[in-house]
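Protein chains get the first letters and strands the later ones, always in sequence-line order, with residue 1 at the start of each. This one's a predicted model, so the numbers in the text were calculated from it and none came from an experiment.
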Amino acid sequence: MSLLKLNDLYKTVILEHARAPHHYGQLADVPATTLNNPTCGDVITVQVQVTAEKISRIRFSGQGCTISQASASVMTDVLSGQSVEQAQRLIQAFSKLVIGEKVAEQWTKQLGEAAVLGSVAEFPTRIRCATLAWHAAAQALGEIDE
Amino acid sequence: MNISERRADFPILNTQMNGEPLTYLDNAATTQKPQAVIDAISQYYLHDNANVHRGVYSLAARATDQYEAVRDQVAAFIHAPQRESVFFTRSTTDSLNWVAQTYGEQNLQAGDEIVVTALEHHSNLVPWQQLAQRKQAQLKVIQLTSTGELDWASAQQQITDRTKIVAVAHCSNVLGVTCPIQKLARLAHQHGAIIVVDGAQAVAHQPVNVQTLDADFYAFSGHKLLGPTGVGVLYGKLALLQTLTPAQFGGEMISNVTWEHTEFAPIPQRFEAGTPNISGVIGLGAALTYIQQLGFAAIQTQERQLTAQLLNGLLTFPDVTVYGPQQVAQHGPVVAFNVDGIHPHDVATGLDLAGVAVRAGHHCAQPLMQVLQVPTTVRASVQFYNSAADIARFLAALQAVKEFFQQ
């Protein structure tokens, strides 16, 4: 049965992140950026704390599907410790990857586990699930920049 | 009903999705179209295309005759007392907005009340909410019982002498319940209010008689009734329509125009400004013919069997929650559910890979999701052309999806 294709989207690493997400929670005294996916009603809140131009702490919270939760979790791993500029580049690279655009190897390497989500490009209706947290992080970083 | 013959009438049902036979269970979103509807639309463009109500030539007369014949057909289908009570819109949403922007705008005053129910689709909620804000009127909500049916005590409490409009869905697009329209109409009328009925989820599944229901307005779409998208219907009581000034102006809806003054065309042309969706209306006519030939007795027998198989099948899973009534007798052809620990989108993606099309999301009823205390649900909805094999494939795929995510 073609249900085996589920493995293409829901790779083990994604299922693991969704079951036990990293950096899940809230930070006191750090502004929160909340985005929702209007098609499904999922909501994700991202908080980014920048110290000496580097992301010192990052958290996410909210409810969502396996893809949106796992994507948020891997994102917090990837962005932790990055400079604001580098984080923004990584977010751009991820956004390209999930819509099936070619991304230089240096970026897929740095995206690490997040690059696994590139398979979502084959599931067009789920791309927004994968990008929700990353859009929220981009917005949060943009607000810090200003 | 010979199911395999009926399925052959719908070419898309014989196609595949993700390498599996298409199992289409999102009928509450839109129904598939029989060949007869597809043919009627292409026949119109191949042989009869002209604008309506304008040309003096024979082709235009033919187009006008076909278009107006569907008005008669719709009037008969919903048992409207006269054809003038029926006019064509873009959709149910368009019809409901029309009532808010025309009847509501012209009759509502500050302090008046509009009453809706907790199970409304956004299209029968947001137009009233916005109207209430514009008019400084109050929007009130009739609550549901624990099984998702209308709470009659709440209806009696919410509808008062200040109520001007009661807006209610004939059938829920989530819970599969039917609202007691006749009873609500009586209550609304006792308090001097009108009742506006969203019939989108009803018209394909049961005979509708707007006179028995005593609905003041009744709205529905063509595309949930085997017809094409982009055409809707609004029925209004003639005495009410006669009091209303059109909200849209232009061609088609006038009888005489000078620089200073316009005389409007008689009802219903008065409310059909501009070139209408002629091919859509003709397609709707073919859809109604198809349904009438089949007959609601046969449709309901088949749909009740499918609903029983679907609902009872879902209830055998201990980790599945079905929203709305748990008994088939109270349940229409729409079943919303969730699987413990698996997000509706993940369920729907898994089913998609098995060729099964269901809806996952808030079903354009976000306030109802709040009442149910869930962010979203999965929804499977049947039409007479579904087979027992469709439901069996759905239930087997759901079992496989559960096993995958719960491994």
Side-chain angles (χ1 to χ4, degrees), chain A residues 1-21 24 34-45 60-74 98 116-133 135-136, chain B residues 16-23 26 29 122 126 174 336 338-339 341-370 372-379 392-407:
Chain A
M1 164 174 231
S2 61
L3 216 57
L4 289 174
K5 276 194 242 153
L6 271 176
N7 289 309
D8 294 348
L9 179 61
Y10 299 99
K11 299 199 162 75
T12 310
V13 59
I14 292 172
L15 292 171
E16 279 169 1
H17 271 278
R19 270 176 206 147
Y24 191 94
T34 300
L35 287 185
N36 76 321
N37 183 344
T39 57
C40 63
D42 285 354
V43 180
I44 279 199
T45 297
F60 87 96
S61 56
Q63 281 213 324
C65 61
T66 299
I67 302 301
S68 75
Q69 295 288 295
S71 185
S73 174
V74 292
V98 293
V116 170
L117 279 159
S119 59
V120 83
E122 290 162 43
F123 297 83
T125 59
R126 305 302 300 277
I127 292 169
R128 280 210 276 194
C129 311
T131 53
L132 189 62
H135 286 160
Chain B
Q16 296 209 323
M17 186 167 76
N18 291 316
E20 299 284 334
L22 172 65
T23 304
D26 195 16
H122 293 162
V126 183
V174 178
N338 270 326
V339 185
I342 314 179
H343 191 279
H345 265 194
D346 296 324
V347 174
T349 291
L351 294 175
D352 175 40
L353 293 177
V356 180
V358 296
R359 177 88 187 264
H362 50 61
H363 318 298
C364 301
Q366 283 182 308
L368 173 60
M369 297 295 114
Q370 280 178 26
L372 299 175
Q373 297 182 307
V374 290
T376 52
T377 79
V378 189
R379 180 188 71 185
R393 266 199 300 273
F394 160 75
L395 293 169
L398 186 65
Q399 176 62 34
V401 170
K402 270 161 39 70
E403 282 166 13
F404 177 85
F405 282 102
Q406 291 168 347
Q407 62 192 341

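- Shown here for A:Leu6 and B:Gly350, the closest heavy-atom pair between the two residues is CD2-CA, 3.7 Å.
- Considering CD1 of A:Ile67 and OG1 of B:Thr349, their distance stands at 7.5 Å, rounded to 0.5 Å.
- Residues satisfying the side-chain contact (heavy atoms from CB on, under 4.5 Å) criterion with B:Gln370, sequence neighbours excluded, are absent altogether.
- How far CG of B:Asp346 is from OG of A:Ser68: 8.0 Å, rounded to the nearest 0.5 Å.
- Shortest non-hydrogen contact noted between B:His343 and A:Thr66 is CB-N, 4.5 Å.
- Annotation: the span from B:Leu353 atom CG to A:Phe123 atom CZ amounts to 5.0 Å, rounded to 0.5 Å.
- Residue A:Gln63 qualifies as open at atom CD: its count of foreign heavy atoms under 6.0 Å is 12 or below.
- A salt bridge between A:Arg126 and B:Asp352 is absent, with no side-chain N of the basic residue lying under 4.0 Å from a carboxylate O of the acidic one.
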Throw together a table of side-chain donor-acceptor distances under 3.5 angstrom for residues 13-20 of chain A, partners on residues two or more places apart or in other chains.
from, atom 1, to, atom 2, distance (Å)
A:His17, ND1, A:Ser73, OG, 2.6
A:His17, NE2, A:Glu113, OE1, 2.6
A:Arg19, NH2, B:Phe405, O, 3.2

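- Here the CZ-NE2 distance, from A:Arg128 to B:His345, works out to 9.5 Å after rounding to the nearest 0.5 Å.
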